[in-house]
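These notes are about the structure you will find just below.
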Amino acid sequence: MDQQFFDRNSIEVARDLIGVELDVSGLGGIIVETEAYEPDDPASHSFRGPTPRNSVMFGAPGHAYVYRSYGIHWCLNFVCRPGSAVLVRALQPVRGLAEMEKRRGRADPLLLCAGPGRVCQALGITIEHNGLSLFGPPFAFSPPQVPPLIVTGRRIGISQAVDQPWRFGLSGSPYVSKRFVGRGVPAP
DNA sequence: TTTGTGATGCACT
DNA sequence: GTGCATCACAAAA
């Protein structure tokens, strides 16, 4: 997980993040669901150009883009090439289960990090993390031991470019926010 | 199992 | 004023 990893289009990065362990301040787990957002993508915050909110999406790759969702939740993204980013949608909890349950206020492991808002609540991600580099604390990444099986599908919760298959998941994982249809294929 | 709805902040029209 | 890259919980079916 270096500069080169994120200096690509968000579709490749989103796919290659599946199976990677993400830890934030010692809490986290395996990334099992991501979505890609591209510069020319009407569903992307970057589509209409830089604004105060999305400015880090136009900065250097390998930084965190955090925004408030529906006035209530936070969502964590990894910036790739300018104007593109990957939304972290779900984790398989691995480290700091008790602390994450405490922050979430409930214990169901299948719902602990199943959804972008839940991931941020469990890991303690807030606007304070916006713009931070991913190459040092509080962030830490561990690549998978073996290449995971990847499933794809349509992105969730958007109204534009709804047909793009830019949602990626770990095949068969019960920790995703919503079931994928179809069987997994090995990542290239 | 699926559908509806309130909560709540802010970018943008 | 409108529309969200959401979640939890209630109600319908």
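Each chain gets a letter, A, B and so on, in the order its sequence line appears, and its residues count up from 1.
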Euclidean distance, atom [atom1] of residue [X] to atom [atom2] of [N] [Å, nearest integer]:
| X | N | atom1 | atom2 | answer |
| --- | --- | --- | --- | --- |
| A:Glu38 | C:dA5 | CD | C1' | 15 Å |
| A:Gln121 | C:dT6 | CD | C1' | 11 Å |
| A:Asp108 | C:dC7 | CG | P | 14 Å |
| A:Arg53 | B:dT13 | CZ | P | 12 Å |
| A:Trp74 | B:dG9 | CH2 | P | 11 Å |
| A:Ile72 | C:dT6 | CD1 | P | 12 Å |
| A:Gln160 | C:dG3 | CD | P | 12 Å |
| A:Arg89 | C:dC7 | CZ | P | 7 Å |

Discussion item. Using only modelled atom types and a 3.5 angstrom limit, is any donor from either the side chain of A:Tyr67 or the base of C:dA5 paired with an acceptor on the other?
Written reply: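 Check passes, donor-acceptor contact within cut-off.
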
Nearest of [options] to any side-chain atom of [X]?
| X | options | result |
| --- | --- | --- |
| A:Arg106 | C:dA5, C:dA8, C:dT6 | C:dA8 |
| A:Ser69 | C:dA5, C:dT6, B:dA11 | C:dT6 |
| A:Arg118 | B:dA11, C:dA5, C:dC7 | C:dC7 |
| A:Arg48 | C:dA5, B:dT13, B:dA11 | B:dT13 |

When we call it a touch if two heavy atoms are under 4.0 Å apart, what does [X] touch: a base, just sugar-phosphate, or nothing?
| X | result |
| --- | --- |
| A:Arg68 | sugar-phosphate |
| A:Asn54 | nothing |
| A:Ile158 | sugar-phosphate |
| A:Arg167 | nothing |

Can you check whether [X] has a side-chain N or O nearer than 4.0 Å to OP1 or OP2 of [N]?
| X | N | value |
| --- | --- | --- |
| A:Ser159 | C:dG3 | no |
| A:Arg155 | C:dT6 | no |
| A:His45 | C:dA5 | yes |
| A:Ser177 | C:dT6 | no |

Mark yes or no: [X] above the aromatic ring of [Y], with NZ or CZ under 6.0 Å from the six-membered ring centre and no more than 45 degrees from the axis.
| X | Y | answer |
| --- | --- | --- |
| A:Arg154 | A:Phe180 | no |
| A:Arg8 | A:Phe5 | yes |
| A:Arg68 | A:Trp74 | yes |

Discussion item. Using the C1' atom as the point on both nucleotides, what is the distance between B:dC10 and C:dA8, in whole Å?
Written reply: 22 Å

Worksheet, complete the sentence: Judged by nearest nucleotide, the residue sitting upstream toward the 5' end of DNA chain C, A:Leu111 or A:Ile156, is A:Ile156

Worksheet item: Side-chain heavy atoms under 4.5 angstrom apart, residues restricted to Ile, Leu, Val, Met, Phe, Trp, Tyr: same cluster for A:Met1 and A:Leu170?
Response: yes

Discussion item. Quick one, A:Glu33 with A:Arg167, criterion side-chain contact (heavy atoms from CB on, under 4.5 Å). Give me CA distance, side-chain angles, the key distance, then yes/no.
Written reply: CA-CA 7 Å; A:Glu33 183 182 348; A:Arg167 175 174 177 242; 2.8 Å; yes

Worksheet item: Whom does B:dT8 pair with, Watson-Crick or G-U wobble, provided both distances fall under 3.5 Å?
Response: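 Answer to the pairing question: none, since B:dT8 forms no Watson-Crick or G-U pair.
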
Fill in: Base partner of C:dA5, which must satisfy Watson-Crick or wobble distances under 3.5 Å
none

Discussion item. Just checking A:Gln3: does its CD atom have more than 12 heavy atoms from other residues, nucleotides or ligands closer to it than 6.0 angstrom?
Written reply: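 Counting other residues, nucleotides and ligands, CD of A:Gln3 exceeds 12 neighbours.
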
Worksheet item: Does the aromatic ring of A:Tyr70 sit over the six-membered base ring of B:dG9, closer than 5.5 Å centre to centre and tilted less than 30°?
Response: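 No; centroid distance or tilt outside limits.
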
